[in-house]
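Here's the structure, in structure tokens; my notes come after.
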Amino acid sequence: MSRLRQLPERHFVNRIGWLRAAVLGANDGNLSTASLIVGVAAASATQNTVLIAGVAGLVAGAMSMAAGEYVSVSSQSDSEQADLARERKELSESPGFELDELAEIYVKRGVDRDLARQVARQLMAKDALGAHAHDELGISEITTARPVQAALTSAASFSVGAAMPLLMVFVLPVGALVGIVSAASLAFLAFLGAIGARAGGANVLRGTARVTFWGALAMAITAVIGKLVGTVV
Ligand SMILES: [Zn+2]
């Protein structure tokens, strides 16, 4: 999408988008692996069993994040490509109609009719497809999909989040895992929640409280179910 103009201030938005995706991946990795470890440890398993469950959880989660992200971003990319191809065809077949269409978009946004036509004409003289992609289709540099990058970013950030509770299984006795992994994970989730809220320009306290509450609930439910299953089996 190098033909679409890139404005310098976009890079900031772009970096924020990337950071939020990484924070979400780490959040998922941490919460799901910590819950898994807490659940299996609550079922009074051995160190080895907890470790196998944790490693399997990390690998399965990272793969599932990568595959899910790849598919979703690819399909977004496919539909963007199809839209651009249709637009390119329309521009070459009926440029007059396309000029009216673009001008009309600016009129709807409050620009005078004559000025709107002038703006549309000048934008189309420089980069007709870029102007239509941006203002008609809403496709810009930031939303341009990169499936492989998205898949790798999610898998990597998930693994980083999952590594913390997993490392604890190596160094702590099984009996201490439920308490310490839960507490450490909640602290980590709160930290990620604060970063995520800051990156998104949202209220830091509310973001942190939300992620910590849902994290605590998820781990508590898993621990209770682990305990029940551990007693029954
Ligand atoms: Zn158009």
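Counting starts at 1 for both ligands and their atoms, in listed order. Just so you know, these numbers use all the heavy atoms, side chains as well, and skip hydrogens, waters and symmetry mates. Residue numbers start at 1 and run along the sequence shown.
- Between the side chain of Ser182 and the main chain of Val178, a donor-acceptor pair closer than 3.5 Å is present.
- Inspection of the environment of the Zn ion (ligand 1) yields the following protein N, O or S atoms under 2.8 Å: Glu87 OE2, Glu98 OE1, Glu101 OE1, His132 ND1, Glu136 OE1.
- Remark: the backbone N or O of Thr49 is paired with a side-chain donor or acceptor of Thr46 at under 3.5 angstrom.
- For the side-chain contact (heavy atoms from CB on, under 4.5 Å) test with Tyr106, the passing option among Arg109, Lys108, Glu104 is Arg109; the others fail.
- Of the N and O atoms on the side chains of Ser35 and Ser32, not one donor lies less than 3.5 Å from an acceptor on the other residue.
- Counting only distance, with no hydrogens or angles, the side chain of Ser79 and the backbone of Gln76 share a donor-acceptor pair below 3.5 Å.
- In terms of modelled atom types and a separation under 3.5 Å, the side chain of Glu87 and the main chain of Ala133 share no donor-acceptor contact.
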